[in-house]
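Reading through the structure tokens given below for one structure.
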Amino acid sequence: MSDVPRGWAVTPSTGVPTVAFGNQKGGTGKTTATINSAGALATRGHDVLAIDLDPQADMTKGLGLGPGDDADPSNPKNDLPNLLVTDDSNLLDVLVDNPRTHDTALSEILVEADEYDHLNFDLVPSHKDMGLARDWMDDANARLSLKQALEVLIDDGHEYDFVLVDCPPDLSVLTDAAFIAAQNVFLAAQTQATSRDALDDLWDQLESIETNQGIDIAIVGLLANMYRSDGQSRKFLEAFDDSWASMAPVFRLPMRVAIQRAWDNGMDVFQWEDANDQTVERELFSEVAATLERAFERTEVEA
Ligand SMILES: Nc1ncnc2c1ncn2[C@@H]1O[C@H](COP(=O)(O)OP(=O)(O)O)[C@@H](O)[C@H]1O
Ligand SMILES: [Mg+2]
């Protein structure tokens, strides 16, 4: 990390800009940031692949491809399949099999945006079997599994401008696999002491991965999420700025009803329209997308 300057990013072995959204603390906005950054990049004309690496499958559910909503018969999620319980091959097969020699490739499990009206980007969904990942992925090779699977996907001719990976809320082998595949990390944190402490541990983890794998990892952004305009939030924003702003831009997102409403209806905020104003979150995630374009030297694609 030390020799990767601010505003720059690392191009991974696939050649495709790839970003892992991480923080071992849950509920900080990783999944929200992944879905909406993917939506923003897609709205700006990019082909995007989003990968749900979290066994809790919040991104898959948040995009409507998990269980429906019994409490709300009109919810659009109810018309969509639940991909978390399919008997077909799933992400665990891809990660546990050696992707260079084995049968299950990412291309077999990915859901293309064209398949569903509400999807702005392609998705590799999670699956209920991913709960076993930590038991099965226990060797050094497992840490390379996502990187290798993505290399095979891109070698096979799938073309993407960006790949975004939603990490689980931990520093497990799955998260390591995401950091190694992406080599670029976007942090999502809340303006609280526990978030600041979690980021310190994450920093140590990134440094140890860099040393063990002999790779550079860039921090491409930090989302200071659900911040309030009180003294406590301001104090932690200053701490984030002191620690991280020299490496990466810090984006501030307040509590927003539209974020939750879009999520509840299985969409990113660029797809979801309702009476709640979406301007703040659309502008913020467009700015995240523009920052990623600059970091990877990609430009917005004219429609
Ligand atoms: N800025 C925000 N305003 C309102 N709700 C938010 C905001 N950010 C996240 N949420 C909600 O908080 C919950 C946790 O966010 P999530 O992105 O799942 O966190 P993580 O992936 O880090 O566990 C979700 O229900 C999400 O819709
Ligand atoms: Mg999440």
Side-chain angles (χ1 to χ4, degrees), residues 19-40 50-67 69 71-72 75-77 84 91 123-128 130-131 133-134 164-172 174-175 177-179 182 185-192 194-199 201-202 221-230 233 236-237 240 250-272 274 276-288:
V19 180
F21 289 73
N23 186 341
Q24 66 277 28
K25 219 172 117 48
T28 60
K30 291 176 286 300
T31 304
T32 302
T34 315
I35 290 177
N36 291 300
S37 303
I51 300 178
D52 186 357
L53 209 61
D54 186 356
Q56 290 175 38
D58 288 337
M59 181 156 70
T60 309
K61 295 178 193 166
L63 292 169
L65 296 166
D69 181 357
D72 176 6
N75 191 311
K77 288 182 181 178
L84 303 181
L91 185 53
L123 171 72
V124 169
S126 188
H127 190 274
K128 66 175 172 40
M130 284 290 284
R134 292 182 195 96
L164 307 186
V165 187
D166 186 21
C167 294
D170 58 33
L171 291 177
S172 68
L174 276 175
T175 302
F179 291 160
V185 179
F186 189 104
L187 305 165
Q190 282 176 266
T191 44
Q192 298 170 344
T194 45
S195 254
R196 186 199 50 204
D197 297 346
L199 291 183
D201 293 343
L202 192 139
L222 183 145
L223 180 69
N225 194 16
M226 299 185 237
Y227 91 94
R228 296 181 304 271
S229 47
D230 58 14
S233 275
F236 286 107
L237 271 177
F240 287 155
V250 177
F251 301 93
R252 302 173 183 192
L253 181 64
M255 236 5 213
R256 295 282 300 170
V257 173
I259 293 265
Q260 191 64 56
R261 293 278 298 148
W263 172 292
D264 288 344
N265 285 277
M267 293 178 212
D268 64 58
V269 295
F270 296 86
Q271 289 286 66
W272 174 244
D274 74 359
N276 294 297
D277 176 32
Q278 274 108 225
T279 317
V280 169
E281 36 282 291
R282 285 190 182 169
E283 281 180 3
L284 183 124
F285 285 107
S286 298
E287 187 49 39
V288 170

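One-based numbering, in listed order, for ligands and for the atoms of each. Values below: every heavy atom of this structure, side chains too, minus hydrogens, waters and symmetry copies.
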Measure from the side-chain N and O atoms of [X] to the backbone N and O of [Y], and report whether any donor-acceptor pair falls under 3.5 Å.
X      : Y      : result
Arg228 : Thr191 : no
Gln278 : Trp272 : yes
Gln56  : Pro168 : no
Lys128 : Ala57  : no
Arg134 : Leu174 : no
Thr60  : Ser126 : yes
Asn23  : Leu187 : no

Per-atom contacts, ligand 1 versus [X] - under 4.0 Å to a heavy atom:
X      : answer
Met255 : 3 (N), 4 (C)
Gln260 : 5 (N), 11 (C), 24 (C), 25 (O), 26 (C), 27 (O)
Pro254 : 1 (N), 2 (C), 3 (N)
Lys30  : 17 (O), 19 (O), 20 (P), 21 (O), 22 (O), 23 (O)
Thr28  : 19 (O), 20 (P), 22 (O)
Gly26  : 23 (O)

- In the protein, how many N/O/S atoms are under 2.8 Å from the Mg ion (ligand 2)?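 Total protein N/O/S atoms under 2.8 Å from the Mg ion (ligand 2): 1.
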[X]-ligand 1 polar pair, N/O distance under 3.5 Å:
X      : value
Arg256 : yes
Ile259 : no
Leu253 : no

Which protein heavy atom lies closest to [atom], and at what distance to 0.1 Å?
atom                    : answer
atom 18 (O) of ligand 1 : Trp263 CH2, 3.3 Å
atom 8 (N) of ligand 1  : Asn225 ND2, 2.9 Å
atom 12 (O) of ligand 1 : Met226 CE, 3.9 Å
atom 23 (O) of ligand 1 : Gly27 N, 2.7 Å
atom 17 (O) of ligand 1 : Thr32 OG1, 2.6 Å
atom 19 (O) of ligand 1 : Gly29 N, 3.0 Å

- Task: Can you tell me which residue pairs pass the salt bridge (charged side-chain N to carboxylate O under 4.0 Å, His left out) test with a partner in residues 261-271, sequence neighbours excluded?
- Result: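 Sorted pair list: Arg261-Asp274.
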- Any side-chain donor paired with an acceptor under 3.5 Å for Asn225 and Thr28?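 Short answer, no.
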Are the side chains of [X] and [Y] in touch, meaning some heavy atoms are under 4.5 Å apart?
X      : Y      : answer
Thr34  : Val165 : no
Lys30  : Asp58  : no
Asp52  : Leu63  : no
Leu223 : Phe21  : no

